[in-house]
Amino acid sequence: MLPRGFYQRPTEQVALDLLGCLLVRTIDDGAVAVRITEVEAYLGIDDPACHTFGGRRTARTETMWGEAGFAYVYLIYGLHSCLNVVTVGNDVPEAVLIRGGEPVMGTPTIRRRRGPRIAAAALTDGPGKLCQALALTTIDDGADLCDPGAPLVIRDGVTPVGLESVERLPRVGVDYAGSAATWPLRFRLRR
DNA sequence: TCTAGGATCGGCT
DNA sequence: GCCGATCCTAGAT
């Protein structure tokens, strides 16, 4: 399991290093693991696309202002959840959005949660889809990812990820953020 | 209180 | 590729 110190580093570095890691979700309903293939960095108060831009601190974003290594889960478009991991910590409210992955364990459970008619490639290839596959909702906001007994933890990947296999792209859906919309803070594993 | 808009998804054309 | 669903959040009043 990744230790707290992993998350207490610059957000872009954490985002890169999360690629290839395993998201392991253990609840009664069924254990599931997903290999992270796509993430986005959100750089706090100086990032117009970030929920904490300009120092915004509300009930929703409170988790981002807390310690690193905790899950920040919020609801988007009134119906989808998105999973982030808080980075840096100590009143530096930055985070990495987990945008997608590929199932490596518990695929039948994922399919049961996602629906029988969903194509295999579309089971966990978006932030909302990922949360549905892992049965994550805003109830899980504030969960500690560094607690060995937690129902959601992140483990180091089995095979190391080389920089040459990582694409850097602009972030998705943040056109409202002006020039920050073009910042290359989206990282994706080539396939 | 009220209102505009959103870090998306999936079905349909 | 387009578009509607759906309701919470945050800022304004």
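Just so it is clear: chains get the letters A, B, ... in the order the sequence lines come, proteins before strands, and each one is counted from 1.
Among the atoms of the strands shown, only primed sugar atoms or phosphate atoms (P, OP1, OP2) are found under 4.0 Å from some heavy atom of A/R114.
Nucleotide B/dG5 holds its C1' atom 9 Å from the CD1 atom of A/I76, rounded to whole Å. Distance, A/L123 CG to B/dC9 C1': 14 Å, rounded to whole Å. Taking atom CG of residue A/L136 and atom C1' of nucleotide B/dT8, one finds them 16 Å apart after rounding to whole Å. Rounded to whole Å, the distance from CZ on A/R171 to C1' on B/dT8 is 17 Å. Nucleotide B/dT8 holds its C1' atom 14 Å from the CG atom of A/D175, rounded to whole Å. Rounded to whole Å, the distance from CG on A/L43 to P on B/dA7 is 16 Å. Regarding A/R113, its CZ atom lies at a distance of 19 Å from the C1' atom of B/dC9, rounded to whole Å.
Taking 4.0 angstrom as the limit, A/R99 places a side-chain polar atom (N or O) nearer than this to OP1 or OP2 of B/dT8.
Distance alone, capped at 3.5 Å, is enough to place a donor-acceptor pair between the A/T52 side chain and the A/P93 backbone.
In the hydrophobic clustering of this structure, A/V86 does not group with A/L185; members are Ile, Leu, Val, Met, Phe, Trp, Tyr whose side-chain heavy atoms approach within less than 4.5 Å, directly or through other members.
Between A/Q132 and A/R114, the side chains place a donor N or O and an acceptor N or O closer than 3.5 Å (distance only, hydrogens not considered).
Side-chain contact check for A/L16 versus A/L163: some heavy-atom pair is nearer than 4.5 Å. Residues A/F6 and A/L18 are in side-chain contact: their nearest non-hydrogen atoms beyond the backbone lie under 4.5 Å apart.
In this structure, A/R56 forms no cation-pi arrangement with A/F53, as its terminal cationic atom is not both closer than 6.0 Å to the ring centre and no more than 45° off the ring axis.
Along DNA chain B, the nucleotide nearest A/R117 and the nucleotide nearest A/V174 are compared for position; the residue whose nucleotide lies closer to the 5' end is A/V174.
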Base-contact (B) and sugar-phosphate-only (S) positions in nucleotides 5-13 of chain C, heavy-atom cut-off under 4.0 Å, - elsewhere: -BBSSSS--
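A stacking contact between A/Y176 and B/dG6 is absent: the pair does not combine a ring-centre distance of less than 5.5 Å to the base's six-membered ring with planes differing by less than 30°.
With respect to A/V96, the side-chain contact (heavy atoms from CB on, under 4.5 Å) criterion is satisfied by exactly one of A/N84, A/I36, A/V39: A/V39.
The CD atom of A/E67 sits 9.0 Å away from the CG atom of A/D144 when rounded to the nearest 0.5 Å.
Remark: DNA chain C takes part in the stems B:1-6 with C:7-12, B:8-12 with C:1-5, each of 3 or more antiparallel Watson-Crick or G-U pairs, criterion distances under 3.5 Å.
Counting heavy-atom neighbours within 6.0 Å of A/R4 CZ, excluding the residue itself, gives a total above 12.
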